[in-house]
A.B. asks: 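Below you will find the structure I want to go over with you.
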Amino acid sequence: MMKKKAMIIAPLCALSLSMTIALPVIHAENATKNTPSSTISITKEELISPTVLKRDFEILYRGLNSIPTTASSYTGGVSAIGKSSFPVAVNPESTPFMAGSRYGKGRVLAVGDEVNLFNLSLNSGDDKSKVARNILIWLTQDVHKKATSYEEALKGKGKLEMITTADDNEFKVNPDLPIALERIENWSDVQLNPSKYPVAFVYNDLKDEDVKNLSDYIRKGGNVVVAQKGWVLEGYPTEDMKEKVGGRAVKISDYPLQQLLNKVGISLMNNIAADKDGGVPKLSFDKAMNYHILRLVDQAKAYEKGSLSPNDIHLGPPDATDVQKLSILGTIVSCTVDALTSESPLLEMVREDSKNLGQVSFPVEKGKLPYTSALLAYTSNQASLSPDGTKSPFADDFPGKVGDNAPVVEDKSIEVDFDYNDFSYLRTLVPPGNWISTGLYVPPGQTITINVPEGAEHLDVQVGAHTDNLTSLSTWQRVPSITLRQTLKPGKNEVKSPYGGLVYLIPTEAKENSKANVSISGAVGAPQFVLGKTSIQDWKDTIRNYESPWAELQSDRIILTVPSDVIRQLDNPEELLKKWDDMLAKYDELIGVGPDNALPHRSADRPHRIVADRQISAGYMHAGYPIMIPIDPEAKNAVDFSKIQTGWGFWHEMGHEYQQTPWFWGDITEVTVNIHSLNMQDYFGAPNRLVVEKDKQGKSYYDKAFEFLNSNDPNKNYNQIGVFERLVMFRQLQLAFGWDFYTQLHIAYRELPENQLPSDDDQEKIDMYVVMSSKTSGKNLLNFYDKWGLKFTDDARKKVEAMKLPQPESPIWMIREDQ
């Protein structure tokens, strides 16, 4: 989540120094028609010599055969977009994730992963350390004569002076390295002089005014390194950023950091570029430049025009098929275009070409329409950000048509409770959010009026439940972005969505003992059943027949958002919702929370959400707020509880919501989630997956787990086996100590003081888990974890041994429930 013998598109590094790149018109079927031939000019003064860029590139690969990646890191994409920029590292199956650029007298290196740069704290000589070393050597190759380069510093001739606003958790430097790091609160606190501070580590805390200050610093010879995942910026924005954009969805392009990078010729993307342990192969400069966005845009347009063959698109692994090449081409172009800011000259070309976007029919394969799909993503994202858009030509396709006879609702009053908890005390991965369902639907392009009483500040409206952005996917079953969100002000607010959708009110700042009644006019009624409030008779007679395309079923613990067609024949939503509540009570019970418990063991008093969508952004289903499921067949399954009580997928995604973050690390992300699935399996008497599912050789997950357990390899590692084999370890603990073991473990983690919790470092989490689980069980579990190859430190071993706990009565690792 994620190419010609008669070459008509010149490689970037071979462009004439005074030429203009003419971007061709697209004439492919279903593609943009009569697109203006937009241009980007490159003058002799602006273009850095290809020879210079190649030399820069080679410095960054000094002593390396590959650039390492880490599975748990989910490295974000980084695109080279400027005349003097170049890709450095590329996942051949995906996109680039590191790029360098020259700007004025300075240099910039951006990587979509902090892991490589955190390894400045290491001096082991491994590839990760070499990457950091090479970056600093390249950045400081031509530093001011009064400054010390990193190469000089490594030879004992002083120290490299660096400056940052990042704290020690965000950027750390081993004191043994020849680096003097100064930490400041704000970039405005100092005068950024390249002779004093040759290198700045820039974190995602820039203010708008910092863009000019830092770009001037770079232009005068300062050097900047950035380590940031674009998908994190977009998917998990800070509260400050949410407030800055006025409640709508935050985009990468909203961040001053992205504006700075775009100004110097680099762009973060909103995709995951790499998610495996290992490394990506070393590239030649020419191969790396195949991934430069200026070349890729030219190639995408030429391919759609029919003047470029896939044989002449040199992307992907050596054995890449035409389909793979085109998919990668479409992904890089769309993910780059979608994240551009006005600081990039490329954006103006995109805007001009978007004005002539022709009719597109779904599904859209980006590989077949690599440029048109980028324009479609850009257009839909911009439309969904704007409260002024008229009806989109794609709205009737999805989210769907509103019936011609749907009556307009006037002055419907909705109570907004601002006295809400964020449930951070639960320390779970995704506690329930606070969208307030209104039972209303906005037809696309139709204006609704929302009257907010005085004093009711910090309130957003959202039109649409389908918040998944599909931009980074290779094929789209619908427009990639269709949800509108904006901040409301006290008084009269007019809201208009190009795509329409269910209406939600969302308080964004908690206020004690504060409620407000908000009235909405101009929308139409949507089928909505609220357990304990809606009568079955009203539901059958009228409500389920409302002519909106989407419906909601709501209880204390769950809200199901499904196509209205799915509920038209549903006679008893009350019975269905009570069964959902009963199931979710078992989740609460397992982690030791309840509605009447004292904090921090009180359960959440808001429901989780499940939303069905034609296409979702990651996996078959995915967790979050809301949990996303595919319409076909899961929307029908969600309202048929006989499917839920045998449905591992629903159990699994809900399990992610409940995972506790202090013992949530990369290797068990998809493992401990299924502790809840096993609990549901036992509760409903469903078949035991660990026993009944077999591979082609007839081996169950237990069989394969025991092959690993019986191995005497001293270097075996828990992460070497599959996620279901890893799950056997957690099942054995449950079989040895009962389900109450996990209840008490969750309680113990909630009761830990904040300053005793592990950091985000996986090793710290593993170590604490080994200690906490031993303490909870009352047994010394070191031998058990040794048998499983779980790599904890000597410090953790000493802490467990210091508790002087007895050994288990029998070897827990020998437990098999299938024997």
A.B. asks: I'd like to know whether Ser759 forms a side chain to side chain donor-acceptor pair (under 3.5 Å) with Asp761, so could you lay out the CA-CA distance, the side-chain angles of the two residues, the decisive distance to 0.1 Å, and finally the verdict.
C.D. replies: CA-CA 5 Å; Ser759 71; Asp761 180 73; 5.2 Å; no
A.B. asks: Testing Glu725, Arg816, Glu817 one by one against Tyr702 for a side-chain hydrogen bond (donor to acceptor under 3.5 Å, both in side chains), which residue passes?
C.D. replies: Glu817
A.B. asks: Under the 3.5 angstrom rule, does the side chain of Asp460 hit a backbone N or O of Thr508 as a donor-acceptor pair?
C.D. replies: no
A.B. asks: Assess whether a salt bridge exists between Lys799 and Asp767, defined as any Lys/Arg side-chain N lying under 4.0 Å from an Asp/Glu carboxylate O.
C.D. replies: no
A.B. asks: Identify the two heavy atoms, one from Arg609 and one from Tyr625, that lie closest to each other, and give their separation to 0.1 Å.
C.D. replies: NE-OH, 2.8 Å
A.B. asks: Do Asn783 and Trp813 pass the side chain to side chain donor-acceptor pair (under 3.5 Å) test, and can you show the C-alpha distance, the side-chain angles, and the key distance before you say yes or no?
C.D. replies: CA-CA 9 Å; Asn783 289 342; Trp813 62 86; over 6 Å; no
A.B. asks: Would the number of heavy atoms belonging to other residues, nucleotides or ligands and lying under 6.0 Å from NZ of Lys775 be above 12?
C.D. replies: no
A.B. asks: Test your reading of the model: is there a side-chain donor-acceptor pair from Trp539 to the backbone of Thr534, 3.5 Å cut-off?
C.D. replies: no
A.B. asks: So for atom CE, which belongs to Met803, do other residues, nucleotides or ligands contribute more than 12 heavy atoms lying within a distance under 6.0 Å?
C.D. replies: yes
A.B. asks: Main chain of Ser548, side chain of Ser564: is a donor-acceptor contact present, judged purely on distance under 3.5 Å?
C.D. replies: yes
A.B. asks: Are the side chain of Asp468 and the backbone N or O of Ser617 linked by a donor-acceptor pair below 3.5 Å?
C.D. replies: yes
A.B. asks: Any cation-pi pair here, Lys716 with Phe708, using under 6.0 Å and within 45°?
C.D. replies: yes
A.B. asks: Keeping Lys765 on the side-chain end and Thr661 on the backbone end, is there a donor-acceptor pair under 3.5 Å?
C.D. replies: yes
A.B. asks: Would you confirm whether the ring centroid of Tyr658 sits within less than 6.0 angstrom of the ring centroid of His608?
C.D. replies: yes
A.B. asks: Using ring centroids (six-membered ring only for Trp), state whether His466 and Tyr499 fall under 6.0 Å.
C.D. replies: no
